[in-house]
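Quick note on labels: first sequence line is chain A, next is B, and so on, each numbered from 1. FYI, side chains are in, hydrogens and waters are out, and symmetry mates aren't considered; it's all heavy atoms of this structure.
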Number of protein chains: 4
Amino acid sequence: MKQNTKELLLEVALELFATKGYHATKVSDIVKQAGVAQGTFYWYFTSKEEIGLEIIEKGKKKLLKVVRKGYRKEVGNVSDMLQSSKRLMQNLLLFGDSNRNLMIFLLLKGQGGEEKIRNAVSETIISIETEFAKNIQRAIELNMLEDRDCVELQAQILTSFIIGIMSRWLFGPMNQVDFKPTTSINEVTEEIVRYEFFGLIGSGGKK
Amino acid sequence: MKQNTKELLLEVALELFATKGYHATKVSDIVKQAGVAQGTFYWYFTSKEEIGLEIIEKGKKKLLKVVRKGYRKEVGNVSDMLQSSKRLMQNLLLFGDSNRNLMIFLLLKGQGGEEKIRNAVSETIISIETEFAKNIQRAIELNMLEDRDCVELQAQILTSFIIGIMSRWLFGPMNQVDFKPTTSINEVTEEIVRYEFFGLIGSGGKK
Amino acid sequence: MKQNTKELLLEVALELFATKGYHATKVSDIVKQAGVAQGTFYWYFTSKEEIGLEIIEKGKKKLLKVVRKGYRKEVGNVSDMLQSSKRLMQNLLLFGDSNRNLMIFLLLKGQGGEEKIRNAVSETIISIETEFAKNIQRAIELNMLEDRDCVELQAQILTSFIIGIMSRWLFGPMNQVDFKPTTSINEVTEEIVRYEFFGLIGSGGKK
Amino acid sequence: MKQNTKELLLEVALELFATKGYHATKVSDIVKQAGVAQGTFYWYFTSKEEIGLEIIEKGKKKLLKVVRKGYRKEVGNVSDMLQSSKRLMQNLLLFGDSNRNLMIFLLLKGQGGEEKIRNAVSETIISIETEFAKNIQRAIELNMLEDRDCVELQAQILTSFIIGIMSRWLFGPMNQVDFKPTTSINEVTEEIVRYEFFGLIGSGGKK
DNA sequence: GATGAATGAGGATTCATTCAT
DNA sequence: AATGAATGAATCCTCATTCAT
């Protein structure tokens with residue numbers, strides 16, 4: 001039943017990077033927790049940096065897959081748009097919930113690494129933003145959103161917003177308190193999408 | 001006209017922490033750039049951690065002062081609220097613009113440090129959130145916002161939103177491109193506050 | 001037609017020892033270049049040291065065989081002596097030419113190994129010197145050389161001379177330049193033997 | 001009376017490099033024998049390689065100074081030439097005698113290091129050869145030696161000869177036996193220069 | 001206040017060797 | 001015979017911190 005050693009190392013490393021940060025995680029910590037010898041680490045990875053980059057790369061792929069599922073393909077009305085946005089947000093939160101360490105590393109701790117690590121993290125964020133921009137552009141083309149001629153800007157705000165939310169929600173102080181995953185995710189999503197589309201003032205009647 | 005050595009060290013350290021991250025910044029880097037001897041550092045600070053904490057503490061105070069200026073005191077209408085929000089956002093962006101290193105350290109790089117550093121950074125963020133919560137609460141009391149019974153949640157979304165925005169705006173990739181500070185800040189603020197209050201769909205006519 | 005794995009390993013190891021030096025050659029380099037697995041190495045050799053010693057031992061035997069062919073057996077005149085010396089030198093150079101890696105390892109790189117390796121190399125050199133001493137002694141007994149009562153010293157000078165020559169000739173910088181093996185070896189031998197018997201001033205008329 | 005720490009490290013390192021070889025010498029060996037902490041080493045040198053290169057560079061300068069003193073300047077007869085050659089050889093042997101470790105490292109152990117170290121050593125040898133070539137050329141111009149149109153070749157033979165001699169003489173097996181420095185050096189020089197100019201057959205009457 | 005040499009614990013990485021298959 | 005994953009001692013180097021001057 002023993003899982004692949006490489007997978008094990010990747011998993012353990014991610015957990016430690018997310019918990020203690022990249023720098024503060026020693027290779028010796030990783031192998032100790034994985035229950036293998038120090039040298040074994042170097043059979044699979046040439047360096048600590050390499051395992052970091054591989055984690056980011058794999059995470060990026062998984063994350064983008066989730067984001068891309070939200071890609072708008074057909075014409076719809078505002079209500080459709082709300083629905084699909086809600087679904088995307090929910091998927092993201094659920095993904096984050098079951099890939100907590102990955103998200104923490106990507107969104108919060110990635111900047112603690114060395115240059116290459118930081119760059120890889122940044123590229124991941126940019127990829128997501130690019131996807132959001134495509135999404136907005138598509139919504140505009142389908143006349144679901146007004147063309148305010150600042151797609152890039154809107155995508156950046158949206159990305160910032162969602163990343164900010166996720167960071168705080170899943171891993172922030174609030175999280176220390178009680179938090180019933182599924183129900184909460186529903187509620188939270190509702191409120192977020194509400195905010196996303198209608199802002200603080202919002203469309204009175206909702207909810 | 002030589003500035004106080006301690007101030008110099010604080011400034012240089014902040015710059016390096018923001019550029020390379022806390023861990024990657026060596027005390028020797030700090031003293032080299034400050035042009036003093038290694039030992040001098042330890043005359044002013046007992047450790048690298050101490051200088052980090054002091055930077056965060058001072059930054060927190062300055063930042064809170066800006067946030068508190070936005071505290072709503074009197075009754076007003078929606079337009080007043082938009083105005084004051086815009087002013088707050090503008091102040092925050094301007095503050096970030098002239099305290100770039102501080103903001104980078106607090107918002108992006110702070111999580112790269114050791115536990116104490118990370119905690120100090122987190123506390124700073126929480127303080128800001130608390131201020132925002134007070135702000136929203138006050139707006140509700142003044143009947144400027146509908147009481148949706150989730151002030152905490154709203155404050156968190158708002159904080160996430162604003163922090164996300166600032167991170168991306170001031171220091172993200174977009175920033176590499178041309179960026180004429182003041183004008184841009186105005187535009188950006190406009191769009192942000194729009195989003196803050198009306199969301200993606202927003203109140204049609206604006207802009 | 002695959003050659004014996006052990007022979008292959010010996011050959012590859014020698015090549016690498018000669019190229020990069022004993023220490024700098026990793027067992028993993030050897031097996032990689034030989035195209036076998038790491039474990040296979042240890043089926044044939046108990047350690048890296050063992051393969052090194054075996055290479056030296058085999059090389060020593062081959063080398064001594066060459067040197068011994070030059071052993072003087074019968075009375076002769078000065079011209080005979082020159083002829084046989086020339087033949088010996090030529091044989092040595094030819095041997096070195098077709099056993100380049102062995103000679104490089106023995107003469108140049110052998111001192112880079114650990115104690116046992118270094119000792120084995122030294123013993124090889126001493127064996128050669130002993131042969132030369134016997135040769136000189138024999139020439140004296142046959143009245144072909146004057147007995148200057150310092151056979152040991154002469155043998156040492158001679159060995160130093162020949163080893164020095166070989167190191168430089170076969171593997172030194174000159175070698176990087178064009179070098180037509182056989183012709184060159186003839187010329188070189190001529191000059192060397194000339195030097196060996198007549199020194200820098202030499203017997204005027206020669207050549 | 002404590003000597004400069006850097007000098008001490010250079011000296012100790014050279015001794016160990018000469019004794020155990022470059023690779024086999026650990027930085028921890030060096031600092032242990034020098035009686036300083038591990039970190040102190042890195043205050044003066046950025047790496048083990050650096051100290052190796054610095055040792056070679058300094059040694060090269062000292063060695064070339066000795067060789068250059070033998071540069072022939074004025075016309076003379078054969079006897080003069082013998083005298084000056086003897087002086088040069090004697091100086092070299094004396095230098096080697098009091099810089100034993102340096103010579104061992106340069107002539108015997110240098111090839112055990114990594115590429116850069118090996119190259120630096122090779123360059124040193126080449127420099128010496130170049131000096132010898134100049135010397136021979138000068139002797140030819142002064143009509144002290146016949147122009148046999150192979151100065152390069154002669155210089156190489158001569159260098160090989162002298163290096164070979166020095167290696168074996170000062171540090172070879174013979175040396176393990178009794179060896180009364182000065183007297184011996186005189187004798188040895190006599191025999192070497194004899195050999196250098198007259199070869200094995202030599203000029204009958206000598207000695 | 002200031003210097004800069006010295007410290008040494010700690011961390012990443014290497015590599016000869018082992019061993020289950 | 002052969003494999004290749006696993007081992008862990010050994011080694012180079014880093015860097016926060018100390019201290020004599």
Side-chain angles (χ1 to χ4, degrees), chain A residues 2 4-6 9 23-32 34-51 114, chain B residues 2 4-6 9 22-32 34-52 114, chain C residues 2 4-6 9 23-32 34-52 114, chain D residues 2 4-6 8-9 23-32 34-51 114:
Chain A
K2 182 166 94 63
N4 188 326
T5 302
K6 184 172 183 179
L9 285 170
H23 251 111
T25 298
K26 297 172 257 172
V27 172
S28 65
D29 292 335
I30 299 174
V31 296
K32 207 178 296 162
V36 300
Q38 191 93 355
T40 303
F41 179 91
Y42 290 91
W43 175 260
Y44 293 103
F45 305 98
T46 62
S47 66
K48 184 178 158 184
E49 186 183 280
E50 196 189 71
I51 199 176
E114 295 132 23
Chain B
K2 180 166 97 61
N4 187 327
T5 302
K6 183 170 183 179
L9 285 170
Y22 177 82
H23 248 111
T25 299
K26 295 175 259 176
V27 173
S28 66
D29 291 335
I30 300 174
V31 297
K32 206 178 299 163
V36 301
Q38 190 96 349
T40 304
F41 180 92
Y42 289 89
W43 203 90
Y44 291 105
F45 305 97
T46 63
S47 67
K48 183 179 162 184
E49 188 182 279
E50 195 188 72
I51 199 176
E114 296 134 20
Chain C
K2 180 165 96 60
N4 188 326
T5 303
K6 183 169 182 180
L9 285 170
H23 248 111
T25 299
K26 296 176 256 176
V27 172
S28 66
D29 292 335
I30 299 174
V31 297
K32 205 178 298 161
V36 300
Q38 191 97 350
T40 305
F41 180 91
Y42 289 89
W43 202 90
Y44 293 105
F45 305 97
T46 62
S47 67
K48 183 179 162 182
E49 187 182 280
E50 195 190 70
I51 200 176
E114 296 134 21
Chain D
K2 182 165 96 60
N4 187 329
T5 302
K6 184 171 183 179
L8 175 62
L9 286 170
H23 251 110
T25 298
K26 297 171 259 172
V27 172
S28 65
D29 292 334
I30 299 173
V31 296
K32 206 178 299 162
V36 301
Q38 189 95 354
T40 303
F41 179 91
Y42 290 92
W43 176 260
Y44 293 103
F45 306 97
T46 60
S47 66
K48 185 177 156 184
E49 186 182 281
E50 195 189 72
I51 199 176
E114 296 132 22

Distance check: side-chain N/O of S28(C) vs OP1/OP2 of dA16(E), anything under 4.0 Å?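 False: S28(C) side-chain N/O out of range (4.0 Å or more) of dA16(E) OP1/OP2.
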Phosphate oxygens OP1/OP2 of dA5(F): is one of them under 4.0 Å from a side-chain N or O of W43(A)? yes
Grab the [atom1]-[atom2] distance between [X] and [N] for me, whole Å please.
X: Y44(A); N: dT13(E); atom1: OH; atom2: P; answer: 18 Å
X: L9(A); N: dT7(F); atom1: CG; atom2: P; answer: 10 Å
X: D29(A); N: dG10(E); atom1: CG; atom2: P; answer: 13 Å
X: E49(C); N: dC15(E); atom1: CD; atom2: P; answer: 18 Å
X: E114(C); N: dA10(F); atom1: CD; atom2: C1'; answer: 13 Å
X: K26(A); N: dA9(E); atom1: NZ; atom2: P; answer: 15 Å
X: F45(A); N: dT14(E); atom1: CZ; atom2: C1'; answer: 18 Å
X: H23(C); N: dC15(E); atom1: NE2; atom2: P; answer: 10 Å

Nucleotide pairing, DNA chain E (Watson-Crick or G-U, distances under 3.5 Å), in dot-bracket with [ ] and |: .||||||||||||||||||||
Which protein N or O atoms sit under 3.5 Å from an N or O of nucleotides 18-21 of chain F?
none

Measure the spacing between OG1 of T5(A) and CH2 of W43(A) and express it to the nearest 0.5 Å.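 With rounding to 0.5 Å, OG1 (T5(A)) is 11.5 Å from CH2 (W43(A)).
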Selection from [options] that lies nearest to any side-chain heavy atom of [X]:
X: A37(D); options: dC12(F), dA5(F), dG8(E); result: dG8(E)
X: S47(B); options: dT17(F), dA1(F), dT13(E); result: dT17(F)
X: K48(A); options: dA6(F), dT13(E), dC12(F); result: dT13(E)

Can you check whether F41(B) reaches I51(B) side chain to side chain, under 4.5 Å on heavy atoms? yes
If every non-hydrogen atom of L8(D) is compared with every non-hydrogen atom of A34(D), which pair is closest and at what distance? CD2-O, 3.5 Å
Give me the atom names and distance for the closest heavy-atom approach of Y44(B) to K6(B).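 Taking every non-hydrogen atom into account, CD2-CB, 3.8 Å.
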Could you pick out which residue, V36(C) or F41(B), lies toward the 5' side of DNA chain F when each is mapped onto its nearest nucleotide?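 Nearest-nucleotide comparison on DNA chain F picks V36(C).
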Side-chain donor/acceptor pairs under 3.5 Å, residues 23-30 of chain D, sequence neighbours excluded:
| unit_1 | atom_1 | unit_2 | atom_2 | d |
| --- | --- | --- | --- | --- |
| H23(D) | ND1 | G112(D) | O | 3.1 |
| T25(D) | OG1 | L16(D) | O | 3.2 |
| T25(D) | OG1 | G21(D) | O | 2.7 |
| D29(D) | OD2 | K20(D) | NZ | 3.1 |
| D29(D) | OD2 | K26(D) | N | 3.1 |

Residue pair G35(D)/V27(A) against DNA chain E: nearer the 5' end by closest nucleotide is G35(D)
With distance as the sole test, does K48(B) use its side chain to make a donor-acceptor pair with the main-chain N or O of Y22(B) at under 3.5 Å? yes
